[in-house]
There are 2 protein chains.
Amino acid sequence: MRCTRLLRQFQTLKPEIKTASFPGPLSQSISKGISQYQEDRSHQFAVDYSKSSGNYIVDADGNTLLDAFAQVCFMGYYCLILTNPASIAIGYNNPSLIELAKSDEFITAAINRPALGNFPPSNWKQILEDGLLKKTPKGLEQLFTAMCGSCANESAYKAAFMAYRDRHHGSGFSEEDLKSCMQNAAPGSPDYCILSFESAFHGRLFGSLSTTRSKAIHKVGVPAFDWPQVAWPSVKYPYEDHIDHNKAAEAKSLDLVKQTIREHKHKKPVAALVVEPIQSEGGDNHASANFFKGLREITKEEGVYMIVDEVQTGFGATGSFWAHDKWQLETPPDMVTFSKKAQAAGFYHNFEMRPSLPYRNFNTWMGDPIRALQAREMISYIDKHGLVKHTEDVGDYIYKSLKTLSENTLIENTRGFKQGTFISFDMPTPAQRDLVVSQMRARGVNIGGCGERAVRLRPMLIFGKAEADILLNTLHSVIHRL
Amino acid sequence: MRCTRLLRQFQTLKPEIKTASFPGPLSQSISKGISQYQEDRSHQFAVDYSKSSGNYIVDADGNTLLDAFAQVCFMGYYCLILTNPASIAIGYNNPSLIELAKSDEFITAAINRPALGNFPPSNWKQILEDGLLKKTPKGLEQLFTAMCGSCANESAYKAAFMAYRDRHHGSGFSEEDLKSCMQNAAPGSPDYCILSFESAFHGRLFGSLSTTRSKAIHKVGVPAFDWPQVAWPSVKYPYEDHIDHNKAAEAKSLDLVKQTIREHKHKKPVAALVVEPIQSEGGDNHASANFFKGLREITKEEGVYMIVDEVQTGFGATGSFWAHDKWQLETPPDMVTFSKKAQAAGFYHNFEMRPSLPYRNFNTWMGDPIRALQAREMISYIDKHGLVKHTEDVGDYIYKSLKTLSENTLIENTRGFKQGTFISFDMPTPAQRDLVVSQMRARGVNIGGCGERAVRLRPMLIFGKAEADILLNTLHSVIHRL
């Protein structure tokens with residue numbers, strides 16, 4: 001945790017709840033004002049971003065919270081709901097990002113928003129090479145840029161469908177293909193599918209929502225593609241304490257994956273399998289590197305593309321830059337999607353995922369240069385301060401402390417061993433979980449819930465030992481009073 | 001055209017092609033560089049945005065083009081492809097936008113990107129009231145913000161499906177609803193549909209692409225929902241010269257709409273109809289206010305929601321702020337979607353389109369405050385300079401001149417009467433259209449193609465009579481040499 005001093009430079013705040021209730025009166029009145037035009041029941045509190053700094057978020061009432069959730073919804077009105085993804089990487093009002101935002105380069109990109117696929121700025125290649133392409137996952141030198149996580153996943157699905165079609169039918173189109181697709185009918189609109197896992201979250205637009213299986217509230221009432229799912233391995237936690245059981249559970253899930261792909265081969269072929277390295281929205285569900293190696297082997301054997309959804313896990317939070325780096329796959333996945341913390345969104349891919357013709361996988365903006373500039377700046381900051389290693393160390397420290405705390409408290413199923421600060425645990429009941437989250441918040445520490453009864457951490461990459469101690473001490477005190 | 005002087009203040013350039021061929025060598029080499037990582041076959045030319053100004057775009061080679069297309073793809077390698085939407089409203093490097101980008105408000109919003117649905121900035125309501133809400137279409141006081149045009153349309157579709165479901169089955173969910181939706185099966189995932197028009201364009205993600213019917217290249221190889229379409233009225237142009245024929249054509253299309261909705265009622269109910277005020281990507285296809293009045297009547301009678309897709313037509317280009325303002329509907333549509341020129345994206349809607357529960361229609365970002373700030377600034381600029389009226393006047397001038405030009409040249413089917421600068425015409429063949437576009441470009445005027453053989457204009461709102469004369473004179477000279 002060598003960079004503590006450097007990281008403190010813009011972090012002079014400390015937890016402080018000034019209002020008698022939380023959210024405070026001003027926050028509540030702001031939400032009420034917004035409710036005139038927009039949904040407000042999902043609001044947690046209104047934020048004064050100009051005063052927020054580093055790991056600390058300052059609300060409209062002047063309350064200061066240590067933010068171990070970084071723009072993730074941490075508590076809905078509906079317990080089944082929660083979440084969104086940790087999307088602040090290097091702290092509120094990071095001076096490096098302020099400087100970037102003041103640069104001519106940034107201003108030009110912000111106010112002259114280009115259609116990147118048609119009229120790229122002359123420095124576009126340089127922006128990518130100095131930024132996002134520095135973190136190219138092994139074997140995936142191609143980069144499709146997009147606007148958000150759902151768009152990134154859906155564009156990846158489209159690439160998979162196109163490549164799958166071309167592999168089986170050649171890259172030319174028959175008259176029938178061209179005619180039938182205009183009727184949304186086969187063969188032009190083929191009856192292919194994407195295979196995803198139970199409790200997965202991959203987004204909320206129509207294609208991505210068809211692969212999302214985390215919570216009914218996201219899906220109910222919305223038409224969906226009839227695409228298959230397979231159960232996530234029913235592993236036990238702490239993962240490392242149940243190795244034999246977990247190995248068997250993973251083998252069972254792998255068998256199901258293979259079986260599902262084969263069963264669908266002739267009626268509704270699986271073009272791609274999509275998987276999160278750690279299922280986040282679904283409750284922080286883990287599996288081993290061996291499980292993912294198994295998935296890669298099966299998909300290779302069966303001619304199915306593999307998409308790794310790193311929208312929430314990417315950009316360092318798991319103690320490696322990409323969570324899937326740890327799997328050390330012999331054959332890389334075909335695509336890796338990203339968004340959230342990266343600010344930029346899109347997917348890295350191999351050359352096969354490039355469509356045969358321009359405009360097949362296309363849209364107006366094709367991403368956003370200012371978000372690519374921010375990604376560049378953050379990557380440089382992360383490397384300069386060794387924040388991936390830092391997050392690994394801080395994560396190990398938190399994990400060990402939580403495991404010790406779990407020995408004689410209600411904390412169960414601690415998870416996130418060797419996964420950086422991507423850490424969570426269960427409380428015995430949803431009500432107790434809600435209580436922990438709200439009492440932590442009342443003490444100025446913003447953590448979150450996920451799944452049915454899980455508490456999860458999603459701190460930024462600049463979260464240090466000092467912040468970890470505040471978090472752990474507060475948790476200690478809350479848990480012991482339950 | 002009273003504001004000509006004001007609008008000239010940052011427009012000191014003129015058309016100038018310096019390179020022997022176009023795109024020039026530097027542009028070509030930049031595209032080649034990018035092709036290492038990304039598709040480049042859709043590139044038109046590489047742009048030096050820092051040097052572009054007002055109506056003029058400067059490329060990497062130092063060529064200056066009058067931009068009557070404003071970040072729309074104007075010519076693909078594949079004639080069937082073309083297009084994207086005019087997405088620059090008030091000129092390259094507009095001083096007002098530069099000033100905004102330098103403000104603390106903008107910088108704070110840019111570098112501390114909030115999850116708007118959970119942690120709204122304390123000034124969010126004010127940003128909306130001073131901006132996007134100033135242009136609320138009549139009767140649609142609610143605003144859902146999103147990231148792009150496709151996302152805006154898909155979120156609107158989701159809102160329609162949810163409302164339709166609740167209207168017919170109540171706002172509660174049965175166990176079966178909650179369970180079946182997790183299997184992507186009815187009744188939880190209902191077999192509802194969105195009705196769209198032939199040659200429509202509504203986006204490229206899975207739901208929006210299922211309603212897009214403009215070109216096979218967008219759709220082929222991608223699974224689609226089995227949703228219906230109805231033929232666009234087969235009107236003749238110039239529209240105003242074929243009133244009787246066009247009235248009959250529109251009546252026929254309206255009958256088909258009613259018939260299709262009724263046929264689907266019991267097997268796959270139509271939850272919403274989506275329609276562009278002017279079909280853009282599909283070839284600049286027009287219809288009368290009466291046609292749209294008819295659509296509103298039918299949808300009301302049949303209990304189908306009506307979504308007006310103003311992603312390309314919105315924000316003043318048609319000589320009214322929203323193109324559908326001109327229809328003067330007795331009952332407003334249920335939703336109006338926008339993006340492109342607005343920089344911000346989303347949809348205005350009535351209260352019925354608000355889901356019964358939070359998190360039903362939700363995502364991480366829920367839009368982007370910096371794009372909302374840009375929309376605010378542009379709206380203020382548009383109002384201050386009377387740019388909607390200005391565009392109406394300039395449009396009338398161009399339209400009249402084109403119609404005169406068509407009398408003794410190859411120009412056919414002039415369209416856009418009383419539609420601001422949303423103007424287009426056909427050439428007899430696709431090859432002649434391509435020739436017009438490329439010869440215009442070689443003379444420093446950037447116009448575009450759409451549909452099979454159409455040339456279309458999509459200038460910015462600051463396009464004045466001086467620019468119109470350059471455009472018209474150049475066109476005159478190109479057409480007469482064909």
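Owing to the predicted nature of the structure, the values given are computational and were not obtained by experimental measurement. Chain A is the first sequence line, chain B the second, and so forth, proteins listed ahead of strands; every chain is numbered from 1.
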Quick one: does any side-chain atom of [X] pair with a main-chain N or O of [Y] as donor and acceptor, under 3.5 Å?
X	Y	result
B:Arg204	A:Asn361	no
B:Ser42	A:Gly117	yes
B:Asn93	A:Asn112	no
B:Asn184	A:Ala224	no

Quick check on [X] against chain A: is it the side chain, the backbone, both or neither that has a heavy atom closer than 4.5 Å?
X	result
B:Glu198	neither
B:Tyr164	neither
B:Glu39	both
B:Gln343	both
B:Gln142	both
B:Leu128	side chain
B:Ala185	neither
B:Leu143	both
B:Phe173	side chain
B:Ser339	side chain
B:Asp191	neither
B:Leu26	neither
B:Arg354	side chain

Count the heavy atoms belonging to other residues, nucleotides or ligands that lie under 6.0 Å from NZ of B:Lys179, then report whether that count exceeds 12.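 Atom NZ in B:Lys179 is not crowded, with 12 or fewer foreign heavy atoms closer than 6.0 Å.
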For B:Lys51, does the NZ atom sit with more than 12 other heavy atoms under 6.0 Å from it, leaving out its own atoms?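 No, because the 6.0 Å sphere around NZ of B:Lys51 holds 12 heavy atoms or fewer from other groups.
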Interface residue of largest heavy-atom contact number with chain A, from B:Pro355, B:Ser27, B:Ala110, B:Gly207, under 4.5 Å: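 Result: the option with the highest number of such pairs is B:Ala110.
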Go through B:Gln229, B:Arg165, B:His169 and name the one with the most non-hydrogen pairs under 4.5 angstrom from chain A.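 Highest number of heavy-atom pairs under 4.5 Å: B:Gln229.
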Does a side-chain heavy-atom distance below 4.5 Å link [X] with [Y]?
X	Y	result
A:Tyr359	B:Arg41	no
A:Asn118	B:Phe69	no
A:Pro120	B:His43	yes

Working to the nearest 0.5 angstrom, can you tell me the gap between [X] [atom1] and [Y] [atom2]?
X	Y	atom1	atom2	answer
A:Leu205	B:Cys151	CG	SG	5.0 Å
A:Glu141	B:Gln36	CD	CD	9.5 Å
B:Met366	A:Gln38	CE	CD	7.0 Å
B:Leu133	A:Tyr37	CG	OH	5.5 Å
B:Ile88	A:Phe119	CD1	CZ	10.5 Å

Taking all non-hydrogen atoms of both residues into account, name the closest pair between [X] and [Y] and its distance.
X	Y	result
A:Ala60	B:Ser122	CB-CB, 4.1 Å
B:Ile370	A:Arg371	CD1-NH2, 3.8 Å
B:Cys148	A:Trp365	CB-CD1, 4.2 Å
A:Gly221	B:Phe161	O-CB, 3.4 Å
B:Arg113	A:Met147	NH2-O, 4.2 Å
B:Val222	A:Met162	CG2-CE, 3.8 Å

Can you list the residues that meet the side chain to side chain contact (heavy atoms under 4.5 Å, CB included) rule with A:Lys102, with sequence neighbours excluded?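 Listed in chain order: A:Ile98, B:Ile107.
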Salt bridge (charged side-chain N to carboxylate O under 4.0 Å, His left out) partners for A:Glu129, two or more places apart: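 A:Glu129 satisfies salt bridge (charged side-chain N to carboxylate O under 4.0 Å, His left out) with A:Lys125 only.
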Start with the C-alpha distance between A:Ile111 and B:Asn94, add both sets of side-chain angles, then the distance that settles side chain to side chain contact (heavy atoms under 4.5 Å, CB included), and finish with yes or no. CA-CA 8 Å; A:Ile111 67 169; B:Asn94 187 300; 6.0 Å; no
Taking it one step at a time, do A:Ser150 and B:Asn363 satisfy side chain to side chain contact (heavy atoms under 4.5 Å, CB included)? CA-CA 9 Å; A:Ser150 286; B:Asn363 59 62; 5.8 Å; no
Parallel, tilted or perpendicular: which one describes the rings of B:Trp227 and A:Phe206, with boundaries at 30° and 60°?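 Perpendicular, since the angle between the ring planes exceeds 60°.
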